Amino acid sequence: MANEIKQEDFRINSSSENFLNKVPLEKRILPRGAYKLIVLNGLTIASALGLSYTYHLFLNRLTGLSIVLIMFVLLVIFSSFETILTKSVRRRALLILVEIFALFAFFYTLPLKFLLLAVGSAAFFIILGEIQGRREASQVLKPSYFRVSRVTGTKIMTGLILVAIFMYFPKIQNADQIIPQETFGSLFNWSAGTMKRLYPEIQFQGTIDNLLETLARYEIKKNSLYYEMPIPAQELLKQSLIQERKKQFEGWLGLKTQLAGGDEVKNVLYNFTELKAKKIRDEHFQEFSVAWAILLFLIGKGIGLILIPIISILIFFIIQIFLAANFVFVAGETRTKESLTL
């Protein structure tokens, strides 16, 4: 009898030991894609740091606006992927907190008022974009990642425009240069290129003489009598029209001296805009601050109207490439739905 009990105890202990050996408690298996998510988190934080650093350089005239826009595009792309791929709300909330700290890594010396306004704007719009992006993804059975990234990107851009304005304002009160010449030049070249497509006969980029001469030719073309005149009379009419437009241009710019024909149109307009902005700033600083902030916000939103759809299309194609390469997968979900019943 004693031998039977001992054999029974041995069988119990043996089976118990085998069961524990099958699933060791000390082993922890990471979910699929955990390492990819860690890399994505790192890239998101790195892009936020990069944007902070490049904007810091931009405000100190050490880099151009294009580099800042590239870092912004990367941040929106990575943040959109975070919204789509990060299922844990707690993890995403922690990452947003780190992301906000990264955005201000190079601006800790800002006056407290501007720092609080900037941090509040960043936190509000990034979180709002996250909430609306997740809602967009969860409301339908097959989410449109184009729409998710557009919703998220639009809110992030609004927040970052406000952040950029609050970071910029402490520098303009006593700044020698309100508008960076490189930034004005980029905007002028883009505007001049657009006008050139509408009026190909007029030379907007070049010297004052080039602009006035091509403008005079454009106006003369509408006059059928011009071609019936002798050549000396045609030249006299053209020179007369050039001088008339030059005086109008000088009056519009408020110049007391004559324009030099060899001056670049871009430089003349920049000097005029910069002088006017400084005069208004010095005489009416509060009104200037509000108006300048609204103007910068509208310019930023205008750039966003172009960039956000491009970013959304880019994200859509990246997702298709990742799916084809089995880097990401489509997974089905089962959901329970509550409803009232009698």
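This structure is a prediction, so every number in the text was calculated from the model and none was measured.
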Quick one: does Leu74's side chain get under 4.5 Å of Met71's, heavy atoms only? yes
Heavy-atom closest pair, residues Leu110 and Pro170: CD2-CG, 3.8 Å
Assess whether side chain to side chain contact (heavy atoms under 4.5 Å, CB included) is satisfied between Arg91 and Leu37, documenting all intermediate values. CA-CA 11 Å; Arg91 178 180 184 137; Leu37 201 56; 3.8 Å; yes
Would Gln181 and Asn267 satisfy side chain to side chain contact (heavy atoms under 4.5 Å, CB included), going step by step from the backbone distance to the final call? CA-CA 9 Å; Gln181 192 163 3; Asn267 294 336; 3.7 Å; yes
Separation between NE2 of His56 and OG1 of Thr54, rounded to the nearest 0.5 Å: 10.5 Å
How long is the span from the NZ atom in Lys266 to the CZ atom in Phe204, to the nearest 0.5 Å? 15.5 Å
According to a hydrophobic-cluster definition based on side-chain heavy atoms being under 4.5 Å apart (Ile, Leu, Val, Met, Phe, Trp, Tyr only), do Phe124 and Phe101 belong together? no
Heavy-atom distance under 4.5 Å between the side chains of Leu116 and Lys113, does that happen here? no
Identify whether Leu211 and Tyr199 are in the same connected component of the hydrophobic contact network (ILVMFWY, side-chain heavy atoms under 4.5 Å). yes
Any chance you could lay out the side chain to side chain contact (heavy atoms under 4.5 Å, CB included) test for Phe146 and Ile315, step after step, and finish with the verdict? CA-CA 7 Å; Phe146 175 86; Ile315 288 171; over 6 Å; no
Hydrophobic cluster membership, with links at side-chain heavy-atom distances under 4.5 Å among I/L/V/M/F/W/Y: are Ile100 and Leu94 in one? no
Any side-chain heavy atom of Met195 sitting closer than 4.5 Å to one from Ile202? no
Using a 4.5 Å cut-off on heavy atoms from C-beta on, say whether the side chain of Thr86 contacts that of Phe81. no
Smallest heavy-atom separation, Arg134 atom then Glu130 atom, equals NE-OE2, 2.7 Å
For atom CZ of Arg281, is the number of surrounding heavy atoms from other residues, nucleotides or ligands below 6.0 Å larger than 12? yes
d(Leu160 CG, Ser121 OG) to nearest 0.5 Å is 10.0 Å
Side-chain ion pair, Lys246 and Glu213, N-O less than 4.0 Å: no
Which atom of Leu59 lies closest to which atom of Met167, heavy atoms considered: CD1-O, 3.9 Å
Between Ser79 and Thr44, which heavy-atom pair has the shortest distance, and what is it? OG-CG2, 4.1 Å
Answer yes or no: is there a side-chain heavy-atom contact under 4.5 Å between Ile242 and Leu215? no
Main-chain N/O of Ala48 paired to Ser52 side chain as donor or acceptor, under 3.5 Å: no
Verify, without hydrogens or angle tests, whether Glu274 (side chain) and Ile179 (backbone) share a donor-acceptor contact under 3.5 angstrom. yes
Sub-4.5 Å side-chain heavy-atom contact between Gln132 and Glu136: no
Would you check, one step at a time, whether the test salt bridge (Lys or Arg N to Asp or Glu O under 4.0 Å) holds for Glu99 with Arg92? CA-CA 10 Å; Glu99 194 177 323; Arg92 182 64 183 129; 3.5 Å; yes
Crowded around Lys196 NZ? As in, over 12 foreign heavy atoms under 6.0 Å? yes
Closest heavy-atom contact between Ala105 and Leu49? CB-CD2, 3.6 Å
Option among Trp190, Tyr270, Phe272 that satisfies the ring pair (Phe, Tyr, Trp, His ring centres under 6.0 Å) test with Phe184: Tyr270
Hydrophobic clusters here meaning ILVMFWY residues chained together by side-chain heavy-atom distances under 4.5 Å, can you tell me if Val39 and Phe78 are in one? yes
Pairs of donor and acceptor atoms involving the side chains of residues 289-314, under 3.5 Å and at least two apart or interchain, shall be tabulated with distances.
| residue | atom | partner | partner atom | Å |
| --- | --- | --- | --- | --- |
| Ser289 | OG | Phe285 | O | 2.8 |
| Trp292 | NE1 | Tyr168 | OH | 3.4 |
| Lys301 | NZ | Thr158 | OG1 | 2.9 |
| Ser312 | OG | Ser149 | OG | 3.4 |
| Ser312 | OG | Arg150 | N | 3.4 |
| Ser312 | OG | Ile308 | O | 3.0 |

Yes or no on ring pair (Phe, Tyr, Trp, His ring centres under 6.0 Å) for Phe106 and Tyr53, after CA distance, side-chain angles and deciding distance? CA-CA 6 Å; Phe106 296 91; Tyr53 178 65; 5.2 Å; yes
Sub-4.5 Å side-chain heavy-atom contact between Glu264 and Thr207: yes
Whether Thr63 side chain and Phe58 backbone form a donor-acceptor pair below 3.5 Å: no
Between CG of Leu115 and OG1 of Thr109, what distance do you get to the nearest 0.5 Å? 9.0 Å
Where do Val163 and Phe104 land on the side chain to side chain contact (heavy atoms under 4.5 Å, CB included) test, with the steps shown first? CA-CA 9 Å; Val163 168; Phe104 294 92; 4.0 Å; yes
Which distance, rounded to the nearest 0.5 Å, do you find between the CG of Leu75 and the CD1 of Ile45? 11.0 Å
Do Tyr55 and Phe107 have side-chain heavy atoms sitting under 4.5 Å apart? yes
Do any N or O atoms from the side chain of Asn189 and from the backbone of Gly185 form a donor-acceptor pair under 3.5 angstrom? yes
Ile156 reachable from Phe316 in the ILVMFWY side-chain graph, under 4.5 Å edges: no
Considering all heavy atoms, the nearest Gly133-Val151 contact: N-CG1, 4.0 Å
Evaluate whether atom CD of Gln286 has more than 12 neighbouring non-hydrogen atoms of other residues, nucleotides or ligands under 6.0 angstrom away. no
Can you tell me how far CD1 of Ile126 sits from CG of Leu103, rounded to the nearest 0.5 angstrom? 5.5 Å
